[in-house]
> 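If you scroll down you'll find the structure; I have some questions about it.
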Amino acid sequence: MAPAITLAADKLSVANTGFMLICSALVLIMTPGLAFFYGGMVRVKSTLNMLMMSFISMGIVTILWVLYGFSMAFGTDHGSLIGWESDFVGWAGIDKADIWSGYTIPVFAFAVFQMMFAIITPALISGAIADRVKFSAWSIFVVLWATVVYFPVAHWVWGTGGWAFDLGVIDFAGGTAVHINAGAAALGVILVIGKRVGFKKDPMRPHSLPLVMLGAGLLWFGWFGFNAGSWLGNDDGVGSLMFVNTQIATAAAMLAWLAYEKIAHGAFTTLGAASGAVAGLVAITPSGGAVTPIGAIAVGAIAGVACAAAVGLKYKFGYDDSLDVVGVHMVGGVIGSLLIGFFASGKGQSDVKGLFYGGGMDQFWKQCAGVFAVLAYSLIASAVLAFLLDKTIGMRVDEDEEISGIDQAEHAETAYDFSGAGGGAARTAAPAAVGAASSKKVDA
């Protein structure tokens, strides 16, 4: 059944509605945060392109979500695979007073909150294909991927009647629907489009670690809305538990990543701290409503080490995941989702218990079903979409454009203007010095 719509009357909660609107804004700021995070990690010649690949998702997916995305994800179930509700098409049949079924917030508040999830998910993919993809091809890919992959998967996981929802797969805020989905898609696309010119040969270090840290900070800040807001209210304390666990797991993952880095590579790096924090945020996203604070430490620490180890696999297996989307988002999402089967306490969002709390392996196998179904579908569908685009309009920029810089080739701009650099006494003295040198040359 489609979620029923009731009139506000005496059911609307002003507090919960205000909370959800604030959370929606927090989730939205995560996409510019992601843009800075990714933008600082690329070489200087790709900075603007990286920023734009996130920003364009804010435009494209917003319109798709209003036109048909919300209907596909949260409309009347069809075969446990897809939703559709004519009243949700263009949001034409939604009144401002309509309440989302079973909750105390308007349909509009729920719809716009979920819109922000839909926006950031394809943006996550962009980090894997940095430096080498046409902006026009990326924009079309976002349209196709959101329609073919994200909207149906969101229905599976969160929509009434979705097969994963009915099976009992726990995904509080997007471990499967967002992070595994995006990470698997990233892997599918890069297997099709290939490596950057100079991969494993040329240095490809981040051009601005301060930008990376700024982006990570914005992501961490916005993630509280992403996670705590996913309970759609504050009437029973579960949202507060999720808020607390988000902070705890993120801290544990950052420390674990840095410890692994020091042992394995001999240094505590700034990039490691930022990446470790994101790994913890990813892992706690599906699990934070089901585990205790001690469980959140375990989830974060395990994810921090696992993701730190996973980012190096691209050099071993030869796939060019430019900014470690596979290693952080796919692996982190898998870890966080599967650990529910071990650490679910039965005292959070439901009475479901994991293995370590006497619940056996039943929930673990349900988590496996959700995790690997989403992973396989997203990887295959995304690879097919990338292949079709590559064979029609072409996914990659020319090799010369990639080498010279995708910012100039695709956007006719550069991130930094150094033409006015310098100044002061040294600059004003230069002409005199040059003149003196010329005079001596002539005299000679």
Side-chain angles (χ1 to χ4, degrees), residues 2-8 11-35 54-76 83-124 142-143 146-147 150-155 157-160 171-174 177-178 181-182 218-219 221-235 239 242-243 285:
I5 296 178
T6 58
L7 294 180
K11 296 184 178 181
L12 183 140
S13 166
V14 174
N16 285 340
T17 301
F19 172 73
M20 290 308 302
L21 294 177
I22 292 170
C23 286
S24 299
L26 287 171
V27 180
L28 179 62
I29 205 171
M30 291 172 66
T31 301
L34 180 72
S54 287
F55 267 77
I56 196 65
S57 184
M58 297 169 72
I60 291 172
V61 178
T62 295
I63 302 304
L64 297 183
W65 190 249
V66 173
L67 292 179
Y68 59 83
F70 182 57
S71 181
M72 289 179 66
F74 293 100
T76 303
W84 191 258
E85 181 66 46
S86 59
D87 283 345
F88 294 168
V89 176
W91 297 5
I94 304 174
D95 186 80
K96 67 180 186 297
D98 293 338
I99 298 296
W100 189 244
S101 179
Y103 295 90
T104 58
I105 61 173
V107 175
F108 278 134
F110 176 77
V112 78
F113 179 70
Q114 290 294 337
M115 175 194 288
M116 305 313 177
F117 281 67
I119 286 170
I120 197 171
T121 306
L124 292 170
V142 169
V143 173
T147 303
Y150 182 79
F151 300 157
V153 169
H155 181 74
V157 175
W158 293 319
T160 301
D171 185 356
F172 194 99
V178 175
N181 202 2
L218 288 171
L219 284 169
F221 176 70
W223 222 294
F224 290 112
F226 193 87
N227 280 359
S230 290
W231 199 239
L232 306 184
N234 282 308
D235 298 325
M242 186 58 169
F243 191 107
T285 290

> With heavy-atom distances below 4.5 Å as the criterion, would you say the side chains of Phe55 and Thr31 are in contact?
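Side chain of Phe55 against side chain of Thr31, heavy atoms only: no contact under 4.5 Å found.
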> For Leu218, which residues count as a side-chain contact (heavy atoms from CB on, under 4.5 Å) partner, sequence neighbours excluded?
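Counting only residues at least two positions away or on another chain, Leu218 forms a side-chain contact (heavy atoms from CB on, under 4.5 Å) with Ile29, Phe36, Leu214.
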> Contact between Trp91 and Val66 at the side-chain level, heavy atoms closer than 4.5 Å - yes or no?
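Yes; the side chains approach each other to less than 4.5 Å.
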> Given Phe117, which of Trp65, Phe151, Tyr150, Phe226 fulfils the ring-ring contact (aromatic ring centres under 6.0 Å, His included) condition?
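Only one of Trp65, Phe151, Tyr150, Phe226 forms a ring-ring contact (aromatic ring centres under 6.0 Å, His included) with Phe117, namely Phe226.
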> For the pair Ser57 (side chain) and Ile119 (backbone), establish whether a donor and an acceptor sit closer than 3.5 Å, ignoring hydrogens and angles.
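Confirmed, Ser57 side chain pairs with Ile119 backbone.
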> Regarding Glu85 and Ser71, do their side chains bring together a donor and an acceptor under 3.5 Å, going by distance alone?
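No, Ser71 and Glu85 have no side-chain donor paired with an acceptor closer than 3.5 Å.
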> Any side-chain to backbone donor/acceptor pair from Asp98 onto Asp95? Under 3.5 Å, distance only.
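Between the backbone of Asp95 and the side chain of Asp98 there is a qualifying donor-acceptor contact (under 3.5 Å).
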> Is a donor from one side chain sitting under 3.5 angstrom from an acceptor on the other, for Asp235 and Asn16?
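Their side chains do contain a donor-acceptor pair, which is all the 3.5 Å distance test asks for.
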> Can you classify the ring geometry of Phe74 versus Trp100 as parallel (below 30°), tilted (30 to 60°) or perpendicular (above 60°)?
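Judged by the thresholds at 30° and 60°, the geometry between Phe74 and Trp100 is perpendicular.
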> Evaluate whether atom CZ of Phe19 has more than 12 neighbouring non-hydrogen atoms of other residues, nucleotides or ligands under 6.0 angstrom away.
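Yes, enclosed.
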> Can you see whether Thr147 engages Tyr68 through a side-chain donor-acceptor pair at a distance of less than 3.5 angstrom?
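Judged by distance alone, the side chains do pair up.
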> Would you say Phe110 has more than 12 foreign heavy atoms packed within less than 6.0 Å of its CZ?
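More than 12 heavy atoms, drawn from other residues, nucleotides or ligands, come within 6.0 Å of this atom.
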